[in-house]
Amino acid sequence: EAQVTQNPRYLITVTGKKLTVTCSQNMNHEYMSWYRQDPGLGLRQIYYSMNVEVTDKGDVPEGYKVSRKEKRNFPLILESPSPNQTSLYFCASSSNTEAFFGQGTRLTVV
Amino acid sequence: DQQVKQNSPSLSVQEGRISILNCDYTNSMFDYFLWYKKYPAEGPTFLISISSIKDKNEDGRFTVFLNKSAKHLSLHIVPSQPGDSAVYFCAASWGTSGSRLTFGEGTQLTVNP
């Protein structure tokens, strides 16, 4: 079964404490992305990767890092989280015609 | 600037009637358009797509229409069912379609029994 798996599903953390949200896919896709969903703004792309070791900024990359050391994994790193990064995060793995999304990570930074 | 806009935050229709969700875009480079459906506590799931070389694509109860001259697309759901109640996102891309999707703000569709 095609899957995009994110962990954790829910996370509450404090300002400044580094965290990583993991994402893995089993579809052998080259493209992977991270999005955040905020009320009234839809989904905005944070970072994307077109292949192993190839990553690029999306529309809202500030405060985030990513890495793509292997095809199946694309972790999202917040080195020093701030309250404005409280959001719902989605990882996506894409073929040429559609993106498959994970179930989301609800992050709260206090 | 919002390149993909869904101007209606919400839409309410009766079961059995048609639901029409609208989406406008500004970037003429977009060549592929998709609709995603999202239930609470789940990730978005792909619903239907259309290439810019077409003006209509149909899949069962779902039809997407594209008007390139107006930079407008719409999703029609006929007949609407209560299980269709969800947030619908319009998305657009260009070039390598899957990797860079630009989403609209979403429209909450409620289908009343």
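Values below: all heavy atoms of this structure, side chains included; hydrogens, waters and symmetry mates excluded. Predicted model only: the values in this text are computed from it and were never measured. A note on names: the letters A, B, ... follow the listed sequences, proteins ahead of strands, and every chain is numbered from 1.
By the rule that hydrophobic residues join a cluster once side-chain heavy atoms approach within less than 4.5 Å of another member, F65(B) and L34(B) end up as members of separate clusters. A single hydrophobic cluster is seen to contain both Y89(A) and V60(A), as judged by linkage of ILVMFWY side chains at heavy-atom distances under 4.5 Å, directly or through other members. Residues V111(B) and L11(B) fall within the same hydrophobic cluster, defined by Ile, Leu, Val, Met, Phe, Trp and Tyr side chains chained together at heavy-atom separations under 4.5 Å. A continuous path of hydrophobic side-chain contacts links L47(B) to V13(B) [ILVMFWY only; heavy atoms under 4.5 Å]. By the criterion of side-chain heavy atoms lying less than 4.5 angstrom apart, applied directly or through intervening Ile, Leu, Val, Met, Phe, Trp or Tyr residues, I48(B) is grouped together with I50(B) in one hydrophobic cluster.
Of residues 6-26 of chain A, those residues with a non-hydrogen atom less than 4.5 Å from any non-hydrogen atom of chain B are, in numerical order, R9(A). Contacts with chain B (heavy atom to heavy atom, under 4.5 Å) involve these residues of residues 100-110 of chain A, listed by number: F101(A), G102(A), Q103(A). Within residues 63-70 of chain A, no residue has any heavy atom closer than 4.5 Å to a heavy atom of chain B. Residue-level contacts of residues 72-92 of chain B with chain A, in order of numbering, are F89(B); threshold 4.5 Å between heavy atoms.
The shortest heavy-atom contact between A99(A) and Y36(B) is N-OH, 2.7 Å. Of all heavy-atom pairs between F90(A) and G43(B), the closest is CE2-CA, 3.3 Å.
The main-chain N or O of L101(B) is never found under 3.5 Å from a side-chain atom of Y48(A) such that the two would form a donor-acceptor pair.
The environment of K5(B) atom NZ is dense: over 12 non-hydrogen atoms of other residues, nucleotides or ligands sit within 6.0 angstrom.
Heavy atoms of D56(A) lying under 4.5 Å from chain B are absent altogether. For chain A, no part of P9(B) is nearby; none of its heavy atoms comes within less than 4.5 Å. Proximity to chain B (any heavy atom under 4.5 Å) is shown, for L43(A), by both the backbone and the side chain.
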